[in-house]
Amino acid sequence: MNLKFDKEYWNSRYINKETGWDLGSPSRPLKEYIDTITDKSVRILIPGAGNAYEAEYLHSKGFENVTVIDISEEACWKLKNRIPDFPIKNIICADFFKTEGVFDVMLEQTFFCAIDPSERMNYIEKANQILQPNGVLVGLLFQKELFKDHPPFGGDEKIYRKLFEPLFNIHIMKTAHNSIEPRKNSELFIKMSPK
Ligand SMILES: C[S@@+](CC[C@H](N)C(=O)[O-])C[C@H]1O[C@@H](n2cnc3c(N)ncnc32)[C@H](O)[C@@H]1O
């Protein structure tokens with residue numbers, strides 16, 4: 001793991017309220033995707049979940065197997081306090097790259113852009129490893145140049161296809177039609193399954 005963006009880095013972002021990524025509500029494209037899932041027993045993982053509004057939404061809709069992982073104790077603590085009835089065993093304060101388990105769905109929301117680009121292949125390998133064969137990785141990736149030396153890190157469709165294609169069948173990778181206004185045309189909606 002890149003030491004520069006370790007748990008102290010992320011804890012201090014939460015403590016200092018430097019959380020410009022935080023939407024304060026579930027991401028609209030993800031919310032609309034969640035609304036298409038009928039089986040409430042699917043095992044859903046949200047890595048780098050932060051305030052995890054998507055997990056809260058899933059929980060409120062009766063999804064029974066939602067797990068969030070975040071490396072920041074501060075984020076996990078805030079989450080436990082905000083959603084006291086969310087199963088505590090499913091709030092995992094740990095490094096995503098060390099995650100074990102099997103999931104049907106992994107939701108991506110501003111976590112991929114938060115990790116150092118040198119870690120991207122590790123993310124893809126881990127997602128491939130923990131998703132069951134018919135599982136899906138669904139979410140959003142920024143399709144624009146962002147920062148070079150600190151998160152969020154950007155990219156584009158060409159870069160992401162080259163990275164994901166060796167390990168994933170890409171079903172959808174296109175500009176999200178339902179991004180919130182400030183992110184309009186800057187997000188790719190993705191849906192892919194492990195090879
Ligand atoms: C940009 S924030 C996004 C939070 C949330 N997904 C959102 O959209 O509001 C990135 C999150 O990833 C977490 N994070 C960074 N590296 C991590 C790692 N290796 N494992 C788990 N979580 C990590 C940070 O603590 C932070 O909460």
Side-chain angles (χ1 to χ4, degrees), residues 1-34 44-59 66-83 86 90-101 103 105-131 137-144 146-155 176 178-184 186-190:
M1 198 185 121
N2 189 317
L3 287 178
K4 215 169 135 194
F5 310 122
D6 57 8
K7 69 174 172 175
E8 278 70 38
Y9 171 86
W10 290 106
N11 273 333
S12 74
R13 298 284 304 244
Y14 284 101
I15 290 163
N16 298 324
K17 298 191 171 32
E18 292 166 352
T19 54
W21 61 78
D22 192 303
L23 296 177
S25 59
S27 148
R28 187 156 70 197
L30 285 189
K31 183 171 178 287
E32 291 185 14
Y33 171 72
I34 289 166
I44 300 175
L45 175 69
I46 309 180
N51 280 318
Y53 304 105
E54 294 76 24
E56 185 174 16
Y57 182 61
L58 285 157
H59 183 58
V66 182
T67 301
V68 302
I69 294 183
D70 203 288
I71 202 164
S72 157
E73 292 105 355
E74 197 65 28
C76 295
W77 178 83
K78 275 161 69 77
L79 187 56
K80 284 174 191 167
N81 278 289
R82 207 183 77 247
I83 329 175
F86 193 90
N90 289 3
I91 299 178
I92 300 174
C93 198
D95 185 350
F96 165 69
F97 297 104
K98 297 185 178 144
T99 306
E100 299 297 333
F103 299 91
V105 180
M106 176 167 136
L107 294 178
E108 167 54 48
Q109 170 69 26
T110 64
F111 175 48
F112 191 78
C113 69
I115 58 170
D116 190 281
S118 64
E119 297 269 26
R120 287 180 169 179
M121 215 49 230
N122 292 337
Y123 172 110
I124 292 164
E125 282 169 7
K126 181 50 83 175
N128 176 281
Q129 179 202 324
I130 62 179
L131 281 168
L137 166 60
V138 174
L140 298 161
L141 299 177
F142 280 119
Q143 53 168 345
K144 63 177 181 181
L146 290 162
F147 299 101
K148 295 265 180 241
D149 56 350
H150 64 84
F153 298 101
N178 47 5
S179 292
I180 56 168
E181 201 52 37
R183 295 188 186 178
K184 204 167 178 205
S186 64
E187 296 178 312
L188 287 168
F189 182 78
I190 55 162

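First listed ligand is number 1; within each ligand, the first listed atom is number 1.
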Trainee: Out of all atoms in ligand 1, which are within 4.0 Å of some heavy atom of Ser72? Include the element for each.
Mentor: 25 (O)
Trainee: Could I get the full list of ring pair (Phe, Tyr, Trp, His ring centres under 6.0 Å) partners for Trp77, not counting sequence neighbours?
Mentor: none
Trainee: Taking atom types as modelled, is there a side-chain donor on Tyr53 or Asp22 under 3.5 Å from an acceptor on the other?
Mentor: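 Looking only at side-chain atoms, Asp22 and Tyr53 do form a donor-acceptor pair, the distance falling under 3.5 Å.
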Trainee: Can you tell if the side chain of Arg183 reaches within under 4.5 Å of the side chain of Thr110, non-hydrogen atoms only?
Mentor: yes
Trainee: Would you check the N or O atoms of Asp95, main chain and side chain alike, for any that come under 3.5 Å of an N or O of ligand 1?
Mentor: yes
Trainee: Out of Tyr123, Phe5, Trp10, Tyr14, who gets a non-hydrogen atom closest to atom 27 (O) of ligand 1?
Mentor: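 Minimum heavy-atom distance to atom 27 (O) of ligand 1 goes to Tyr14.
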Trainee: Look at ligand 1 and say whether Ala49 reaches it with a heavy atom at a distance under 4.0 Å.
Mentor: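 Yes, Ala49 has heavy atoms under 4.0 Å from ligand 1.
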Trainee: Going by side chain to side chain contact (heavy atoms under 4.5 Å, CB included), Val68 matches just one of Ile92, Ile46, Ile44, Leu107. Which one?
Mentor: Ile46
Trainee: Taking ring pair (Phe, Tyr, Trp, His ring centres under 6.0 Å) as the test, write out the residues that go with Phe103, two or more places apart.
Mentor: none
Trainee: Touching ligand 1 at all, Ala94? Heavy atoms, strictly under 4.0 Å?
Mentor: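 It does; at least one heavy atom falls under 4.0 Å.
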Trainee: Quick one: does Gln109 get an N or O within less than 3.5 Å of an N or O on ligand 1?
Mentor: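 Yes.
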Trainee: Do Leu30 and Tyr57 come within less than 4.5 Å of each other through their side chains, counting heavy atoms only?
Mentor: no
Trainee: Checking the N or O distance criterion of under 3.5 Å, is ligand 1 in contact with Gly48?
Mentor: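 Min N/O separation from ligand 1 is below 3.5 Å for Gly48.
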Trainee: Give the numbers and elements of all ligand 1 atoms closer than 4.0 Å to a heavy atom of Phe97.
Mentor: 19 (N)
Trainee: Between ligand 1 and Leu23, is the shortest N or O to N or O distance under 3.5 Å?
Mentor: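 In fact, backbone or side chain, Leu23 has no N or O that close.
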Trainee: Does Phe96, backbone or side chain, put an N or O under 3.5 Å from an N or O of ligand 1?
Mentor: yes
Trainee: With heavy-atom distances below 4.5 Å as the criterion, would you say the side chains of Phe112 and Leu137 are in contact?
Mentor: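 A side-chain contact is absent here, since even the closest heavy-atom pair is not under 4.5 Å.
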Trainee: Quickly, which of Trp21, Phe5, Phe96 forms a ring-ring contact (aromatic ring centres under 6.0 Å, His included) with Trp10? Name it, please.
Mentor: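 The single option meeting the ring-ring contact (aromatic ring centres under 6.0 Å, His included) with Trp10 is Trp21.
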Trainee: Given Tyr53, Phe111, Tyr9, Trp21, which one has a non-hydrogen atom that is nearest to atom 9 (O) of ligand 1?
Mentor: Trp21
Trainee: Give the atoms of ligand 1, by number and element, whose distance to some non-hydrogen atom of Thr110 is under 4.0 Å.
Mentor: 1 (C), 2 (S), 3 (C), 5 (C), 6 (N), 7 (C), 8 (O), 10 (C)
